[in-house]
Amino acid sequence: MYTAHPDRYADLPYRRTGRSGLKLPAISLGLWHNFGPDRPVETQRAILRRAFDLGVTHFDLANNYGPPPGAAESALGEFLKADFAAYRDELVISTKAGYLMWPGPYGEWGSRKYLLSSLDQSLARMGLDYVDIFYSHRPDPETPLEETMGALHSAVQQGKALYVGLSNYSAEQTREAARILGELGTPLLIHQPRYSMLDRRPEEEGLLDALDELQVGSIVFSPLEQGLLSSRYLDGIPEDSRAASDSPFLNSDAVTADLVDTLRALDEIAKGRGQTLAQLALAWVLRGGRVTSALVGASSAQQIEDSVAATGNLDFDAEELARIDAVIKP
């Protein structure tokens with residue numbers, strides 16, 4: 001029988017999400033990879049237990065996470081029942097809908113039909129009455145935004161979600177979505193964009209500015225760039241790495257000699273701060289408080305420990321930031 005660590009709230013900082021009453025841990029656990037049937041159940045259980053023991057109260061999913069799609073939600077459902085039933089009110093559980101889940105015209109994108117059907121399936125897989133956050137996972141170029149936002153509003157009205165969010169929406173789309181949701185009476189809580197030292201589009205395209213103006217929170221995915229911003233690629237491509245497997249999310253062509261040089265230079269900056277490269281990358285996205293939480297995956301309990309340790313040093317001086325910029329944008 002699992003009993004959570006009594007000091008789980010002692011160290012990890014929590015940040016208010018936009019202008020809401022919800023606080024999220026600075027590090028959140030994503031179940032995008034590593035929670036399908038191809039991974040040992042005991043490893044999955046150890047990751048979740050260790051995360052919660054360290055104060056990571058937010059588990060982030062989507063209907064299509066696995067693989068196969070749905071597997072991560074089903075796995076979490078089993079662990080919730082076995083280990084976390086007594087702690088449900090301490091957990092923030094989020095899921096999303098937008099990518100392909102079943103055949104036919106109602107199995108993806110942003111229609112009311114798809115979003116609400118998908119949410120019902122997600123709740124059944126996880127054995128939950130509600131999720132804390134329900135996201136539109138991507139904008140639908142053909143469905144009116146009013147319909148997609150109306151479906152999110154309905155999820156809250158039906159008691160199946162407490163808050164709503166967006167992922168992969170542009171700054172302009174986010175402003176319009178926030179306007180529609182505000183008029184419906186269900187404020188936009190959070191946006192989940194891809195953001196890292198190597199991918200700065202949320203800064204460059206004005207998304208972070210829009211979120212600041214709207215007083216909407218943010219939780220960033222791929223802050224470690226699928227593992228590139230870690231020690232694994234400092235000497236090239238390890239045989240057991242994601243890049244070596246030519247994953248659709250990271251292939252070997254991406255690991256160029258120039259990139260390895262960049263990673264080595266960033267690693268030297270990290271060492272000067274008493275951090276690993278991964279910890280530097282997490283601290284960088286969390287710097288200054290503009291980002292509410294950094295979303296990390298983990299293939300072991302040790303990895304989640306390392307990620308949480310990054311929050312011990314989130315401050316950068318101007319010289320450090322300039323050195324990072326000089327390395328990445330020479």
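- Inspection of the Q157 and S154 side chains reveals no N or O donor paired with an N or O acceptor under 3.5 Å.
- Donor-acceptor pairing under 3.5 Å is recorded for the side chains of E73 and S122.
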Walk me through it: do R175 and D209 pass the test salt bridge (charged side-chain N to carboxylate O under 4.0 Å, His left out)? CA-CA 11 Å; R175 285 191 175 93; D209 290 337; over 6 Å; no
Report the C-alpha separation of Y130 and Q158 in whole Å, then their side-chain angles, then the decisive distance to 0.1 Å, and conclude whether the side chain to side chain donor-acceptor pair (under 3.5 Å) test is met. CA-CA 9 Å; Y130 70 94; Q158 294 168 6; over 6 Å; no
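- Taking both residues in full, the closest heavy atoms of P37 and A71 are given as CD-CB, 3.9 Å, listed atom of the first, atom of the second, then distance.
- Judged by distance alone, with hydrogens and angles left aside, the side-chain atoms of D140 form a donor-acceptor pair with the main-chain N or O of T143 at under 3.5 Å.
- Looking at heavy atoms from C-beta onward, Y195 lies in side-chain contact with E203 at the 4.5 angstrom threshold.
- Of all heavy-atom pairs spanning I47 and A298, the tightest one is CD1-O, 3.3 Å.
- Salt-bridge check for R323 with E320: failed, with every basic side-chain N at 4.0 Å or more from each acidic carboxylate O.
- Put simply, V291 and Y135 are part of two different groups of oily side chains (I, L, V, M, F, W, Y) that touch within less than 4.5 Å, one to the next.
- Two rings, from F52 and Y87, have their centers less than 6.0 Å apart.
- Using a 4.5 Å heavy-atom threshold, the side chains of R15 and L24 count as separate.
- No donor-acceptor distance shorter than 3.5 angstrom exists from the side chain of E205 to the backbone of P202, with no hydrogens or angles considered.
- Note on L31: it does not cluster hydrophobically with V92, by side-chain heavy-atom contacts below 4.5 Å among ILVMFWY residues.
- The one candidate from L166, T186, V164 that meets the side chain to side chain contact (heavy atoms under 4.5 Å, CB included) condition with M149 is L166.
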Can you check side chain to side chain contact (heavy atoms under 4.5 Å, CB included) on L259 and L198, steps first, answer last? CA-CA 10 Å; L259 176 61; L198 300 179; 4.2 Å; yes
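- L229 places a side-chain heavy atom less than 4.5 Å from the side chain of L263.
- One N or O on the side chain of S230 and one on the backbone of G227 form a donor-acceptor pair closer than 3.5 Å.
- Between K96 and D60, the closest side-chain pair of non-hydrogen atoms falls below 4.5 Å.
- Residue D317 places its CG atom among more than 12 non-hydrogen atoms of other residues, nucleotides or ligands, all under 6.0 Å distant.
- No side-chain heavy atom of R88 sits less than 4.5 Å from a side-chain heavy atom of L80.
- For the pair E176 (side chain) and A171 (backbone), a donor-acceptor distance under 3.5 Å is absent.
- Between Y169 and S136, the side chains place a donor N or O and an acceptor N or O closer than 3.5 Å (distance only, hydrogens not considered).
- Looking at S307 and Q303, their side chains never bring a donor and an acceptor atom within 3.5 Å of each other.
- Of the possible donor and acceptor atoms, none in the side chain of S218 sits under 3.5 Å from a partner among the backbone N and O of H191.
- Under the 3.5 Å distance criterion, the side-chain polar atoms of T276 are matched with a main-chain donor or acceptor of Q279.
- Of all heavy-atom pairs spanning A278 and L224, the tightest one is O-CD2, 3.5 Å.
- To the nearest 0.5 Å, the span separating CG on L207 from CG on D212 amounts to 9.5 Å.
- A donor-acceptor pair under 3.5 Å is formed between the side chain of T311 and the backbone N or O of V308.
- Under the 3.5 Å distance criterion, with hydrogens and angles disregarded, no donor-acceptor pair is assigned to the side chains of E225 and Y233.
- Residues A294 and P223 come closest through the heavy atom pair CB-CG, 4.5 Å.
- For the residue pair D53 and Y2, a side-chain donor N or O sits within less than 3.5 Å of a side-chain acceptor on the partner.
- When the shell of 6.0 Å around OH of Y106 is examined, it contains 12 or fewer heavy atoms from other residues, nucleotides or ligands.
- Around CZ of R179, the count of heavy atoms belonging to other residues, nucleotides or ligands within 6.0 Å exceeds 12.
- Listed here is the closest heavy atom pair of A283 and Q275: CB-NE2, 4.0 Å.
- In this structure, NE2 on H137 lies 5.5 Å from CG on N168, to the nearest 0.5 angstrom.
- Taking 4.5 Å as the limit, every side-chain heavy atom of I219 sits out of range of all side-chain heavy atoms of T292.
- Taking a 6.0 Å sphere around CG of N313, one finds it holds more than 12 heavy atoms contributed by other residues, nucleotides or ligands.
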Let me see the working for E204 and R201 under salt bridge (charged side-chain N to carboxylate O under 4.0 Å, His left out), right down to the final yes or no. CA-CA 5 Å; E204 297 163 351; R201 284 174 293 177; over 6 Å; no
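- Ion pairing between a basic and an acidic side chain is recognised when a charged N comes within 4.0 Å of a carboxylate O; R264 and D235 show such pairing.
- Contact check on E147 versus K113 returns no salt bridge, with no Lys/Arg side-chain nitrogen under 4.0 Å from an Asp/Glu carboxylate oxygen.
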Run D11 and L54 through side chain to side chain contact (heavy atoms under 4.5 Å, CB included) and show every step you take. CA-CA 8 Å; D11 298 317; L54 292 169; over 6 Å; no
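- Using bins of under 30°, 30° to 60° and over 60° for the plane-to-plane angle, the ring pair W102/Y114 lands in the tilted bin.
- Counting heavy atoms from C-beta on, the side chains of L295 and W32 never come closer than 4.5 Å.
- The backbone N or O of I93 lies less than 3.5 Å from a partner atom in the side chain of D132, making a donor-acceptor pair.
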Decide salt bridge (charged side-chain N to carboxylate O under 4.0 Å, His left out) for D315 and R287; before the verdict, give the C-alpha distance in whole Å, the side-chain angles of both, and the deciding distance to 0.1 Å. CA-CA 6 Å; D315 295 326; R287 76 198 187 283; over 6 Å; no
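- With sequence neighbours excluded, no residue satisfies salt bridge (charged side-chain N to carboxylate O under 4.0 Å, His left out) with E172.
- No side-chain donor from either of E78 and S74 sits under 3.5 Å from a side-chain acceptor of the other.
- Using a 4.5 Å heavy-atom threshold, the side chains of F134 and L152 count as touching.
- When hydrophobic clusters are built by joining Ile, Leu, Val, Met, Phe, Trp and Tyr residues whose side-chain heavy atoms come closer than 4.5 Å, directly or via intermediates, L91 is not grouped with L189.
- Ion pair R125/D120 not flagged as a salt bridge, since none of the NZ, NE, NH1 or NH2 atoms sits closer than 4.0 Å to an Asp/Glu carboxylate oxygen.
- Residue R45 comes nearest to A82 through the heavy atom pair NH2-CB, 4.0 Å, listed as atom of the first residue, atom of the second, then distance.
- The side-chain hydrogen bond (donor to acceptor under 3.5 Å, both in side chains) check on S167 picks up nothing, with sequence neighbours excluded.
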Yes or no on side chain to side chain contact (heavy atoms under 4.5 Å, CB included) for R194 and V220, after CA distance, side-chain angles and deciding distance? CA-CA 6 Å; R194 180 169 184 150; V220 300; over 6 Å; no
Stepwise, does the side chain to side chain contact (heavy atoms under 4.5 Å, CB included) test hold for L280 with M197? CA-CA 9 Å; L280 171 72; M197 287 194 293; 4.2 Å; yes
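- Ring geometry for F59 versus F84: interplanar angle over 60°, hence perpendicular rather than tilted (30 to 60°).
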